[in-house]
Amino acid sequence: MAAADVTTLFHARPFTERCDRIRRGGEHALIGVSTGNSYFSAERLTALVRWAQQHFRAVDLICADMHVDTMLAADGATPEDSGRRARKRVKDVRRRIRQAVDAASPEGPAPGSHLLSDFTQLPEYRRLRAEIDRALDNDPEFAHACREMVRRYLLARPPSGENRDGDGETGRKMTAGLEYLGSELPFFVDTPSIIGVPSSVSCYHVSTPVVNALFRRNSGLLAAANQGFMVVAPKTPDGSSEPWRSDVHQPGKGTAP
C-alpha cells in the first residue's frame, strides 16, 4: 500500500469545532487499540498509522492491556483461563502494532508504541484516574454515559431504556467494565499532559456516550482544552463511511483474530 494513497481510505470527522481546530494544528494523534476487537487487523493498523503520519507531527499507538482478565473473569472464565486468554490477546495485539509500526512511512514521524499499563505510575495519569473515579461517584451524567458505553460496547447490550434487567447495571460485568473503561479514560480527558505534547486528538472508529459527556457539556468532568476526539472510519467503495458494528469493542466477549 503506497503511503500516498492512504489519505483516501478514511473519513475523519472531528467531534466538535474545537476538536477540528486541534486536528488542523496537527500536533499529535493517539490511536487506541483494544484487544478482542476484529477491527484492528495488522493491515488496518498499518493504514491508520500511515494516515496519521500524513496529518500529524507525532503519532502514538496504545494497546489497552489493563483489566482484560477482569472482563473475561466476569464473563465466566476461571482465574487461570482469564489470565491466559488475556495474555494471549495482548500478545496478539502487540504483534499487530509492531507490524504496523515497522510498515510506517519512513517519510513521516516515527510512531510510538505503548501499553496502557506503561503510564499508570505517572503522576499525570494517576491524577486523571482519580478525577474520573470521583466523577463516577459524583457526576450523574458522566456516570450514566460510562455505564451506557460499557453496556453497549463492552457487554453488547441495548441502551438502558430498552433493557431494564439489572445485570448490566449492578452486576460484576458492569463493575469489571467500568474498571476497564476507567483505565482508558485519562487519554480521552487529557492525553497532552500524559504524553507531553502541546495538543492531541484521540482517533477511534466509532463515537461513544462518554465522548459526548466529555466534549459537549459546560460543567462536570470535561476534556482538556487541548484534547480532541475524532472518528476515523474506513470508507466504503461508494465513498461513505463504513458502518462498523457497535459490538466489536468487547474484551470479555470478542475474539481476537
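Residues: numbered from 1 along the sequence shown.
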Is there a side-chain contact between [X] and [Y], using heavy atoms and a 4.5 Å cut-off?
X	Y	result
Pro109	Phe56	no
Leu48	Arg44	yes
Ile194	Leu122	yes
Phe187	Ile195	yes
Trp51	Val232	yes
Tyr204	Val211	no

NZ or CZ of Arg96 within 45° of Phe40 ring axis and under 6.0 Å =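 Not satisfied by the 6.0 Å and 45° rule.
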Would a distance-only check, ignoring hydrogens and angles, find a side-chain to backbone donor-acceptor pair under 3.5 Å from [X] to [Y]?
X	Y	result
Asp65	Ser117	yes
Asn226	Pro198	yes
Thr78	Asp81	yes
Tyr39	Ser34	no

Taking the six-membered ring where the residue is Trp, are the ring centres of Phe215 and Phe188 under 6.0 Å apart?
->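 They do not qualify: ring centres at least 6.0 Å apart.
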Criterion salt bridge (Lys or Arg N to Asp or Glu O under 4.0 Å) on Asp102 and Arg98, from CA distance to verdict | CA-CA 6 Å; Asp102 290 344; Arg98 282 196 299 271; over 6 Å; no
Which atom of His28 lies closest to which atom of Ser200, heavy atoms considered |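 Closest pair (atom of His28, atom of Ser200, distance): ND1-OG, 2.8 Å.
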Counting only heavy atoms not in Arg216, do more than 12 fall under 6.0 Å of its CZ?
->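 Yes, enclosed.
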Give the intermediate values and the outcome of salt bridge (Lys or Arg N to Asp or Glu O under 4.0 Å) for residues Glu148 and Arg152.
-> CA-CA 6 Å; Glu148 283 296 290; Arg152 296 186 201 181; 3.4 Å; yes
Verdict with reasoning, Glu179 to Arg129, per salt bridge (Lys or Arg N to Asp or Glu O under 4.0 Å) = CA-CA 11 Å; Glu179 281 295 309; Arg129 182 61 200 267; 3.7 Å; yes
Are Gln227 and Thr191 linked by a side-chain donor-acceptor pair shorter than 3.5 Å?
->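 Yes, because at least one side-chain N or O of Gln227 sits under 3.5 Å from a partner of the opposite role on Thr191.
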Quick one: hydrophobic cluster around Leu115, which other residues, with the 4.5 Å side-chain cut-off, linked directly or via members?
->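 Other cluster members: Val90.
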With salt bridge (Lys or Arg N to Asp or Glu O under 4.0 Å) as the test, would you mind laying out the steps for Asp20 and Arg23 before giving the verdict?
-> CA-CA 5 Å; Asp20 193 33; Arg23 175 197 64 83; 2.7 Å; yes
Using a strict cut-off of less than 4.0 Å between a Lys/Arg side-chain nitrogen and an Asp/Glu carboxylate oxygen, indicate whether Arg217 and Asp139 qualify as a salt bridge.
->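 Yes, Arg217 and Asp139 are salt-bridged.
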Using a strict cut-off of less than 4.0 Å between a Lys/Arg side-chain nitrogen and an Asp/Glu carboxylate oxygen, indicate whether Asp137 and Arg134 qualify as a salt bridge.
->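 Looking at Arg134 together with Asp137, the answer is no, because their closest N to O distance does not fall below 4.0 Å.
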Where do Asp75 and Met71 land on the side chain to side chain contact (heavy atoms under 4.5 Å, CB included) test, with the steps shown first?
-> CA-CA 6 Å; Asp75 203 43; Met71 288 290 297; over 6 Å; no
